[in-house]
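Structure record follows, encoded as structure tokens.
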Amino acid sequence: MDEYQHPLFFEAKDLTDRDEEKIRRHFQKRRDSGGGDCGRIEKAGGNTYKICFKEKEDQERVLQRKFHSISLPCGELRLTVSRTNSPLDQPSTSQSQTFTKANTKGLEKIFQLDIFLLYFLRDNLKAHKVLQKQLSSIGCTVELDFDKEEAVVRGDIEKGPGGAFGAAEKWEIQVDRVFIGLTETYLCYHMVEPKQIKILLQNPSLVTDDIKVYQESGYAVVVGEVEAVKERIAILEKSLPTRKELPIVKKKFKLVEEEFSREMRTHYPDVKIVLGSGVIILEGPDKEVQSGATKLDELIKNVKEKRVKLCPALMTFITSSGAISKYQARFQQSLRNPVSLEVVSDLVLSSLSSDALDEAEAAVQRDLTVANVPLQGAAAVPPDLDRVKEILIKAKNKANSQELRVDVSFIPGTATIKVQLVGYSENVNKLKEVLHDYQMNQVGTQEVLNLPHPELLDCFDKILGLIGMKQTKVTLKASHWPYPCVLVSGPRCLVQETQQALISALASLTTDTLVLDGPGAQRYFQAEGKVGKELVETSCQVIVREQQGVHSSNAKIKPRSITCPSTSSFTVQPMPRLRSSTAGSIVVNKTSLKISLGSLVDEQVHVLVVPMLNRQLTSTNIGKCLLNKAGNAIKSKFEFMAANCTLVPGDVLQVDAPPSLGCSKLFFIECLPWDGVRGQSVQVLGNGLKKCLDLCVQLGLCSVAFPVIGPGFVLKYPLREAIQVLTENIRQFGLSACSGSLSTIHIVIKPDYPDSEECYHDVNRHLSSNMNQGGQAIFRSLTSDLDDITMTVGSGVKLQLVFGDITNEVTDAVVNSTDYVNFQNDGVCKDILTLAGPEVEAELRAAKANRGDIFVSQAGLFTCEAIFHVCGEKDAVIIQQLVCRIVEYCESYELKSVAIPAICAGAGGLDPGIVASAILQGIKAATSSTPLYCLTDIRLVLIKINVFLAFKDEAMQMFSTAVINKVPVPQLPHVVLQQQQQPPSSVSADLSILPISSASQQSVFLFLGLSRKDVDDAMTKLKDLYQAQCSTQTFKKEELEGLTQDDMQILMQLVETQGLYVQKDQSGQGTLTVSGLKDGVNQVMQRINTCLHGSLRREVRVREEDDLYNRVSWCILGHSGNWERLPKTANHNLENNDVAGGIVDAQNIQWSVNLQRMEATGPLLGHTAKLKRLENLSDFTLPLYWDNMAAGETLKVVALQQASAEYRTVKEAFKRTVPKTVLKIERVQNVHLRRAYEGQKKHLSDKNNQPGGAGEKLLYHGTTHDNSNSIMKNGFNRRFSGQNATAYGHGTYFAVNANYSAQPMYSKPAADGSALMFVALVLTGIYTLGQSNMRVPPPRSDQQPHDRFDSVVDKIDNPNMYVVFHDNQAYPDYLITFK
């Protein structure tokens, strides 16, 4: 082995493995052989064996003993060791072997000594005399025998000390002691290295009288006292040449090579330097070699680095152009110290000299540059762009003919294309000059001329002919975008000249307009009257165009001149190129609502609504965010407007938005901090919100975004009160039926606030309940950023992202994320196990799951077939693998659907984005790698807003098929919807449905000519042509009274299609005059006669629908999960099974109906909704969310389905403050209690004389299993007050938050640990602070002692507890069982 490098040899015959091992153990023991750590015994050839030692000292000690006796099973073995495997033994260190002979007169003992020790005793008289003296003292003499390599000691017994030795043994011991001392005093050092021998023989100072050197063939032996010999050997070894290999980095060594060589030549000339691959070899005197190595290390450590930050383009150029080697060669010649360059993340310069680094950096920065030149105008688009590329590539190739000097690339952008020039500065500048020259002199350009009349666009060629302007190399093109204009295109120098000529020519024209009643005039001249109009144009040398958007209320046919008094009739001005966006002109009849998650300042709407205090922009956090985003632009606009108006709380300050915001206007509401429910702050905020909505309608704005104003550090509103004020004002706006152009209202919620989930759920609940009022839709749709997202993945599997609670899922399989240890920590795992029951928990506790395993348990009481328990171990790779295995398990267990949570994104603490990527990648891989035959639906159920948004972002990027589920918008004609939805009614309600005396019902013609006379003549001739084709018919009031609203809609269509003009009599007689083309007026007369015949039939239908609507309520389950009452017509059709043509709901959506399945199918493929029929009592209308009740049934307790929106809404509100698991939710349907409650609600509303005066709230009341049945049957009974507390009066107590009522003293647990709590509808009305002695609320004023408050609370500003003293003031709406 390599570590055993010091061999010895010996001879022996026929050694077994056992013999070899015993010999090896002998040489391992220092006390037996003098050896140490050694390898296995190997056969060297013949009878010769070899054993190698790790340390040279161990080898030398073994050699000192020339013979080694070892007991083997076959007998005693005596070995002689040597350095080589030749028969001649190498001389060794001093050693002795003794033989004793005894006779009658004396003793003789022979010591076998190293021959060189015998030579030393012979040659060194001092040593010989010392030995003789020692032996004579014990009466002995010594004789040296060089032939036999022996020392013979003889002694006379009679002459020994004391007259006799006593015994031979004692004499032998004394002699042995002398010779042991001899061998320990002197050392025979065998030297075999030729270099050492040469130095030894050439250096006389190493040999003295006390040290002798004996030279033999191939080696030399140094003999002397041990310490003296060791000292000489040490001196000798130091004088030997040393070879040292030093690993180096070639690049760094190049930097110090010159300096290092100079140092070595000066100070260590005897050291030879050899440069190898990755190593430098120093050979020479040991001290100088060590000094040289130290110097090299010192120089390398002194190498300095400087990082030069360059743009990525320059770094790429440096690498690809070979600039590094060029610079290094240049710096080698020009700088005192060499500099190396290396491209990593930055450009790294290295050198021994800081000055050299500075000079190198300056050279690089000076020599290399990058320039980004934007292409402007036509140069940025083909064909000029292609020409630019051709010119630049040609110039680049010329510059790079010898070497790479410059590179060119084109960078596309959202608005412009940039040319990036990278390389040596002189070459970059030359290409910039080429590009600049082309853009200034050769590129085509385009200018825009504004046209004041859009109608002129279609006849622009005629205008050019009229003014006699000829087209040259410059192109003149009329365009509608970005506004009505003329695009002047061509070479830059010619475009400006043509532009000025066109402006002058157009300014010389005269224009005027002719207004004729009814749009039929335009239609006439576009059809049969077209030839006549063209004759007028030809004869009068004018151009006549139909014009849009000119408003006039004149009823008579007369021309109206808009000619300016100056010499030119209109002016065309060159307009700069501006970014322009056009909004659609389609007006919908309802406003859509959207809940947005994000920052208000990032919303893309027409108006942002912002709260403020004391007219200060930064008084609220939203104001500060606006300032951060828009800077001084918003600050100066705000301060200007605030300084020029007077504001009181509730007023709205309008500010034009700067371009950096995604809106056109900002509405600032002057607010007041929270001062209680009955304070001014609520009224002030409500007034401000109403004004904002009204302003949007007045200003014709399409969209507005509101934050939830109030629940912050500044205004300090309770969250529920802030939401109530906002949603109530939006509801009132929807009821007003005057939405105008306002098509979208955004409610913006910041997703990263602690109460974001609570805020979202409350806003969504309020808005969902406000979508319909009295069976009529008041809003078009409600959507949110948390709407479900559906996409199709591999094998046609439908993947859904759902914002919700996984314990509400009804899929075949449910995935539980657990660590198999903490089962009782609050979270999804605890909820799933509580719902599933103790058997499943026990099964999971006993599970032995390995890393990445899925443990499948029974479902227990959970509404699924199996529960998959997984542990993601906070590792994205494991999560992805687990998801793949979940899909595989669903296939193997033949499960069609599975619900998966965000594994490790909750208690696991992993970043939601990482979890989203891992889960979605796992689903994508699992569904695409192999065909799936069973699994059809995967639902990712996400309970946190930030988690849902992270999954949404990842899914929208990963899957192109991702679709956000929204309420479908009907694509049906407005008139048809009105016919199906609206019941017939008298026209007297609204005659304005016809376009009476409206500007839009007039025909306007624009005349363009070279002179005033030409224009006037043409206007007169055109008017006369039209009057000859017109007629007028007046209808009396009696003829119109029988028409319905639907009839009026049909008439309106007829008026519009025929282009008629309608005018209502102003004298009050109720007549209606229709004028226009003769055929159209005659069709109106025929239609009115036809409509009158159907009036009687419609009246009968109306009475039937009204009667049925009071007795039966047909409902449809809306998108938000709330039951919505269908309109009267749909109600009647369903009751009479007249559904072949479908039904129309309150949102004007057409549905086909399957009454057997009680299901409706919408216009979107696969979109279905449940239907329900409620039969009302004669004196009581069932709430829409109730189930139908049998005749005579007064109490019904309905267990809610976990998958229903009703269940989720109740559960989510409960879970906001209570971490316990919901086991069951039941709806209480008690007719008698609800009838009394509704009566009390009406009484309080009338008494308080204001909207919402009853103050209805959803509150909580803990109960026991014994009391719950009594409350469901008989309601809350204040006579039982005092069982728990009467701190605020002797009434019935209700908590705002469920966690208060969930305390064991209120919701007392049963034997199985389950507890009960009612969710109650409570009429709080107007309240005050309660006191323990109150049995009824106190009077509201001393002057009216019988007018009492409706309830009392624990604190006025933000109550946590309400107390009512009237049993009918609370209704037990739901009963929650939890654990």
Side-chain angles (χ1 to χ4, degrees), residues 8-12 23 26-27 30-35 59-71 75-84 86-103 106-124 127-136 138-155 168-191 212-214 216-217 219-226 229:
L8 290 179
F9 298 87
F10 62 88
E11 291 187 356
I23 294 170
H26 168 79
F27 286 119
R30 181 172 295 181
R31 66 176 180 274
D32 293 343
S33 64
Q59 179 198 42
E60 292 294 337
R61 282 195 299 273
V62 172
L63 280 172
Q64 289 176 9
R65 303 185 186 185
K66 193 167 187 178
F67 302 102
H68 294 267
S69 297
I70 305 168
S71 297
E76 190 80 10
L77 177 66
R78 193 179 190 203
L79 299 178
T80 301
V81 295
S82 64
R83 292 183 184 274
T84 65
S86 61
L88 177 64
D89 288 342
Q90 291 286 344
S92 63
T93 54
S94 59
Q95 46 192 306
S96 65
Q97 194 70 23
T98 61
F99 302 94
T100 306
K101 296 180 181 180
N103 55 33
L107 292 174
E108 180 182 286
K109 189 165 186 175
I110 301 172
F111 289 89
Q112 291 183 340
L113 298 178
D114 192 312
I115 186 61
F116 297 104
L117 181 57
L118 294 176
Y119 291 158
F120 180 78
L121 292 174
R122 178 195 67 189
D123 299 336
N124 191 314
H128 192 262
K129 287 181 180 179
V130 170
L131 177 60
Q132 286 180 332
K133 184 178 179 181
Q134 290 175 336
L135 290 174
S136 64
I138 56 175
C140 298
T141 62
V142 63
E143 180 184 346
L144 303 178
D145 188 338
F146 296 97
D147 294 329
K148 295 181 179 181
E149 300 181 12
E150 295 175 348
V152 181
V153 180
R154 296 181 181 88
E169 291 82 0
K170 292 182 181 180
W171 176 84
E172 185 177 354
I173 290 172
Q174 293 182 39
V175 173
D176 285 345
R177 193 174 296 156
V178 172
F179 274 84
I180 289 172
L182 176 68
T183 58
E184 290 178 352
T185 300
Y186 298 100
L187 173 64
C188 296
Y189 183 83
H190 292 66
M191 189 174 294
K212 302 296 182 181
V213 176
Y214 303 97
E216 295 290 334
S217 176
Y219 67 94
V221 180
V222 182
V223 185
E225 292 184 0
V226 172
V229 170

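Throughout, numbering of the chain's residues begins at 1 and tracks the sequence.
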Residues Leu121, Val142; criterion side chain to side chain contact (heavy atoms under 4.5 Å, CB included); working and verdict: CA-CA 11 Å; Leu121 292 174; Val142 63; over 6 Å; no

Side chain to side chain contact (heavy atoms under 4.5 Å, CB included) assessment of Leu135 paired with Thr141: CA-CA 6 Å; Leu135 290 174; Thr141 62; over 6 Å; no

Criterion side chain to side chain contact (heavy atoms under 4.5 Å, CB included) on Glu184 and Val226, from CA distance to verdict: CA-CA 8 Å; Glu184 290 178 352; Val226 172; over 6 Å; no

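Atom CG of Leu117 sits about 14.0 Å away from atom NZ of Lys212, to the nearest 0.5 Å. Atom CD1 of Ile115 sits about 8.5 Å away from atom CG of Asp145, to the nearest 0.5 Å. Here the CD1-CD1 distance, from Ile70 to Ile23, works out to 5.0 Å after rounding to the nearest 0.5 Å. Rounded to the nearest 0.5 Å, atoms OG (Ser136) and NZ (Lys129) are 12.5 Å apart. To the nearest 0.5 angstrom, Ile180 atom CD1 is 8.0 Å from Phe111 atom CZ. Expressed to the nearest 0.5 Å, how far CD of Gln59 lies from CG of Leu8 amounts to 4.5 Å.
Considering every non-hydrogen atom in both Gly155 and Cys140, the closest pair reads CA-SG, 4.2 Å. Shortest non-hydrogen contact noted between Ala151 and Leu113 is CB-CD1, 3.8 Å. Minimum heavy-atom separation, Glu150 to Leu118: N-CD1, 3.7 Å.
Contact of the Leu107 side chain with the Val175 side chain is not registered, since no non-hydrogen atoms from C-beta on lie closer than 4.5 Å. Between Phe120 and Val221, the closest side-chain pair of non-hydrogen atoms is not below 4.5 Å. The shortest distance between side-chain heavy atoms of Gln134 and Leu182 does not fall below 4.5 Å. Side-chain contact between Val152 and Arg154: present, with at least one pair of heavy atoms (C-beta onward) separated by less than 4.5 Å. With contacts defined as side-chain heavy-atom distances shorter than 4.5 Å, the pair Phe179/Lys109 does not qualify. Side-chain contact between Tyr214 and Cys188: absent, with no pair of heavy atoms (C-beta onward) separated by less than 4.5 Å. No side-chain heavy atom of Thr80 sits less than 4.5 Å from a side-chain heavy atom of Glu11. A 4.5 Å side-chain heavy-atom check between Val229 and Val223 finds every atom pair outside the cut-off.
Although no hydrogens or angles enter the test, the distance criterion places no donor-acceptor pair under 3.5 Å between the side chain of His68 and the main chain of Phe27.
Of the charged side-chain nitrogens involved, at least one lies within less than 4.0 Å of a carboxylate oxygen, so that Glu60 and Arg83 count as a salt-bridged pair.
Under the 3.5 Å distance criterion, with hydrogens and angles disregarded, no donor-acceptor pair is assigned to the side chains of Asn124 and Tyr186.
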